[in-house]
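Presented below is the structure to which this report refers.
One-based numbering along the sequence shown.
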Amino acid sequence: MVEKQGNQVLAKIRANLWQFTYRSVAAKFQSVTGTTLKNGMKILAQVAVTFHPVYGLSINVKDIDPSFSLGERARLRQETINRLTREGLLQLNARFQLPPVVQRIAVISSATAAGYGDFVNQLEKKFLWLQSFPPAFPFADARKRGCFEFDFSNGVDQN
């Protein structure tokens, strides 16, 4: 576990989350937050401090409070909203009128992202026709970067 201020490490200690504990903690965490535990996440953990003459001081993670991480995500979301508001970007798309039937959607995501996969699965369930196009901007490797455009206009039944 590491405590940082900016990029500077303030404190560091070895933390163990043993496999038998990890299974239940990770399952509970994912069911509440909708995401898996990842490196760099801020968590609130119940720990037991142990000292071993050979291995030194360490902590064993007993449980993790998922509501703390949800609070952290909400704080980061609010910071992003505040920054976009300050920069005048939050309502930028509001100037565009949405057509009655959306025919094109652009998705910027990693091709392997779970959210992207869920999005495509939902589209495939609801529409019989789905086509992916390379993006219309000059990055040669944009498809590798995860930029996709879907066109529904040719597959929509007009009758």
Can you list every salt bridge (charged side-chain N to carboxylate O under 4.0 Å, His left out) pair that touches [range], not counting sequence neighbours?
range	answer
residues 89-99	none
residues 78-89	R75-E79, R83-E87
residues 10-37	K28-D63

For this session: Can you measure from CG (L90) to OG1 (T80) and round to the nearest 0.5 angstrom?
Result: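 Going from CG on L90 over to OG1 on T80, the span is 10.5 Å.
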
Problem set entry | Nearest-0.5 Å distance, OG1 of residue T21 to CG of residue N60 |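 T21 atom OG1 to N60 atom CG measures 8.0 Å (nearest 0.5 Å).
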
Exercise. Are V2 and L10 in one and the same hydrophobic cluster, where Ile, Leu, Val, Met, Phe, Trp and Tyr link if side-chain heavy atoms are under 4.5 Å apart?
Worked result: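 Cluster IDs for V2 and L10 differ.
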
For this session: Given side-chain contact (heavy atoms from CB on, under 4.5 Å), test I13 with I59 step by step and report yes or no.
Result: CA-CA 8 Å; I13 190 168; I59 56 176; 4.0 Å; yes

Exercise. In chain order, what residues pass the side chain to side chain donor-acceptor pair (under 3.5 Å) check against N82, with sequence neighbours excluded?
Worked result: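 With neighbours one apart ignored, the set is Q78.
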
Exercise. Can you pull the ring-ring contact (aromatic ring centres under 6.0 Å, His included) pairs that have at least one residue in residues 15-50, sequence neighbours excluded?
Worked result: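 Output for this query is empty, none listed.
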
For this session: Would you mind reporting whether L76 and E72 have side-chain heavy atoms less than 4.5 Å apart?
Result: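 In short, these two side chains touch, coming nearer than 4.5 Å.
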
Exercise. Do you know the tightest heavy-atom contact between R73 and T33?
Worked result: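 For R73 and T33, the tightest heavy-atom pair comes out as NH1-O, 2.9 Å.
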
Considering only distance and modelled atom types, tabulate donor-acceptor pairs under 3.5 Å from the side chains of residues 37-58, sequence neighbours left out.
from : atom 1 : to  : atom 2 : distance (Å)
K38  : NZ     : T35 : OG1    : 2.5
T50  : OG1    : S58 : O      : 3.4
T50  : OG1    : S58 : OG     : 3.1
H52  : ND1    : V54 : N      : 3.0
H52  : ND1    : Y55 : N      : 3.3

